[in-house]
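Each chain gets a letter, A, B and so on, in the order the sequences are listed, and its residues count up from 1. All of these numbers come straight from a predicted model, not from anything done at the bench.
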There are 2 protein chains.
Amino acid sequence: MVSHTEENYLKAIFKLSEKDKISASTNAISKEMNTSAASVTDMLKRLAEKDLINYEKYKGVTLTKKGNTLATNLIRCHRLWEVFLLEKLDFSWDEVHDIAEQLEHIKSDKLTERLDRFLEYPKFDPHGDPIPDAEGNFTYRKQVLLNDLKENEKGIVVGVNEHSSSFLQYLDRHHLNLGAQIKVLEHFDYDSSKKINLNDQADLILSSKVCQNLFIQKS
Amino acid sequence: MVSHTEENYLKAIFKLSEKDKISASTNAISKEMNTSAASVTDMLKRLAEKDLINYEKYKGVTLTKKGNTLATNLIRCHRLWEVFLLEKLDFSWDEVHDIAEQLEHIKSDKLTERLDRFLEYPKFDPHGDPIPDAEGNFTYRKQVLLNDLKENEKGIVVGVNEHSSSFLQYLDRHHLNLGAQIKVLEHFDYDSSKKINLNDQADLILSSKVCQNLFIQKS
DNA sequence: TTATATTTTTAGATTAATCTAAAAATATTT
DNA sequence: AAATATTTTTAGATTAATCTAAAAATATAA
Ligand SMILES: [Mn+2]
Ligand SMILES: [Mn+2]
Ligand SMILES: [Mn+2]
Ligand SMILES: [Mn+2]
């Protein structure tokens with residue numbers, strides 16, 4: 001019914017609409033998918049034909065209800081598989097994404113449900129991203145970027161804003177895992193870096209780039 | 001490198017060569033794959049080009065070493081996933097095959113290894129078929145068809161020769177699971193059916209068709 | 001408000017995987 | 001050995017997914 005490729009386009013459109021809250025442009029999709037704009041136009045026609053997106057020439061696209069449901073389910077599968085790989089098969093959080101990109105396309109509602117149950121209905125994936133339930137509802141959480149924490153404010157690392165392996169491995173090396181306790185000791189205007197205390201133990205200095213990519217739940 | 005479709009052809013060729021111990025014919029492959037003979041010829045050229053099969057026009061095909069390794073690994077993945085679905089996600093043995101057909105194509109050697117470890121290196125799948133190890137070695141087992149058991153001989157159900165849902169469900173209904181103890185009480189020449197005793201409890205009569213599709217390890 | 005730049009679409013090709021129909025090769029019967 | 005049947009291959013099309021190059025539409029800047 002819906003091909004592997006079509007599913008990937010739906011996910012890309014979902015991701016773009018989520019960020020911009022507005023319709024996704026052909027060019028944006030082509031960048032997200034690493035394909036030519038011409039290929040995107042072709043595919044948009046096909047997706048519109050199947051009533052998965054709202055498409056008008058030159059106007060960009062949004063997901064229909066049907067398209068949104070499919071995209072949400074893909075994200076659900078993706079993130080459940082990531083939890084499985086990390087929790088049950090001992091993969092690290094920088095390895096799970098690529099394999100989950102493949103696993104998310106396995107078509108079986110029963111499998112998704114059973115996997116969810118087996119994992120005891122996790123609400124967040126290994127990167128702190130919310131896992132929608134079978135009805136497509138996401139759990140929201142109050143979170144800010146570490147960047148937005150003032151001196152002396154405390155919080156817990158609950159997610160990452162960048163998912164690259166290099167960033168995740170960097171975090172590992174400094175024990176900045178999900179759940180880590182952080183207290184901002186000092187902010188340096190010069191380069192926007194911050195000195196923080198980690199888990200009431202070592203102090204360390206984090207660059208502005210790191211601070212912009214860590215989600216914190218204030219405490 | 002090797003597409004989903006090419007993988008399915010390799011599996012089909014493996015299966016046919018295994019049974020007949022001889023090269024697989026175009027027609028046999030087309031039946032196994034539910035495609036036209038013309039499509040098979042096309043694909044055989046492509047697989048030969050990639051050095052996955054030995055192919056000569058009109059002569060049928062055999063797998064090369066490379067093709068055999070790939071096919072064996074697919075079977076390994078398939079059967080490991082079947083074990084996972086049954087043992088960990090509580091699927092029944094008539095449900096696991098179709099989902100495993102999809103899962104077997106996930107490309108990650110590390111995933112296969114980790115899954116194998118997680119399942120504690122099973123040697124047989126839910127239908128009693130052997131699971132090759134990472135080097136491609138199958139565990140062999142002395143087994144006969146229930147058909148070949150004489151009166152008063154005993155044994156344990158270790159596998160099935162037919163994998164259809166209807167057969168597996170039939171076995172479930174009569175508690176003829178893997179591990180069941182069977183003693184042949186009487187053979188009826190008239191229709192080749194057998195009266196057997198199951199687990200030292202109930203007696204029941206099994207048709208010739210059932211007896212031809214149950215593998216027994218004599219005891 | 002015209003000129004320039006950017007984005008998007010169309011036109012025309014390519015490749016993998018499939019098909020049907022017809023031709024060629026091989027196998028089986030008479 | 002010739003006739004007939006079966007299997008296999010070729011020829012020619014189709015569909016999904018992709019591409020490049022060029023044209024058309026829209027957005028931005030002078
Ligand atoms: Mn991911
Ligand atoms: Mn994730
Ligand atoms: Mn199977
Ligand atoms: Mn099996």
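- In this structure, B/Ser36 reaches the bases: a heavy-atom distance under 4.0 Å links it to at least one base atom across the strands shown.
- For B/His174 and B/Tyr170, the ring centers sit closer than 6.0 Å to each other.
- Partner of B/Arg76 under the salt bridge (charged side-chain N to carboxylate O under 4.0 Å, His left out) criterion, out of B/Asp133, B/Asp116, B/Asp109: B/Asp116 alone.
- Within the 4.0 angstrom heavy-atom criterion, base atoms lie near B/Ser39.
- Interface limits on DNA chain D: the 5'-most and 3'-most nucleotides within less than 4.0 Å of chain B heavy atoms are D/dT7 to D/dT10.
- Taking the charged nitrogens against the carboxylate oxygens, B/Lys194 and B/Glu151 have no contact shorter than 4.0 Å, which rules out a salt bridge.
- With hydrogens and angles disregarded, no donor-acceptor distance shorter than 3.5 Å links the side chain of A/Arg79 to the backbone of A/Pro132.
- Residue-to-nucleotide proximity on DNA chain D shows that, of A/Asn34 and A/Lys59, the 5′-proximal contact is made by A/Asn34.
- Taking a 4.0 Å limit (strictly below) on heavy-atom distances, residues 3-16 of chain B does not reach DNA chain D anywhere.
- By the 4.0 Å N-to-carboxylate-O rule, A/Lys11 lies close enough to A/Glu101 to be salt-bridged with it.
- Partner assigned to D/dT18 is C/dA13, using Watson-Crick or G-U wobble distances below 3.5 angstrom.
- When both distances must be under 3.5 Å, the Watson-Crick or G-U wobble mate of C/dA3 is D/dT28.
- Residue whose closest nucleotide on DNA chain D sits further toward the 5' end, between A/Arg46 and B/Thr41: B/Thr41.
- Each of B/His163, B/His78, B/His97 was evaluated against B/His127; a single residue qualifies, B/His163, per the ring-ring contact (aromatic ring centres under 6.0 Å, His included) test.
- The aromatic rings of B/Phe84 and A/Phe118 lie perpendicular to each other, with more than 60° between the two planes, well past the 30° mark.
- Ionic pairing of B/Glu95 and A/Lys110 is present here: one or more N-O contacts between side-chain nitrogen and carboxylate oxygen are shorter than 4.0 angstrom.
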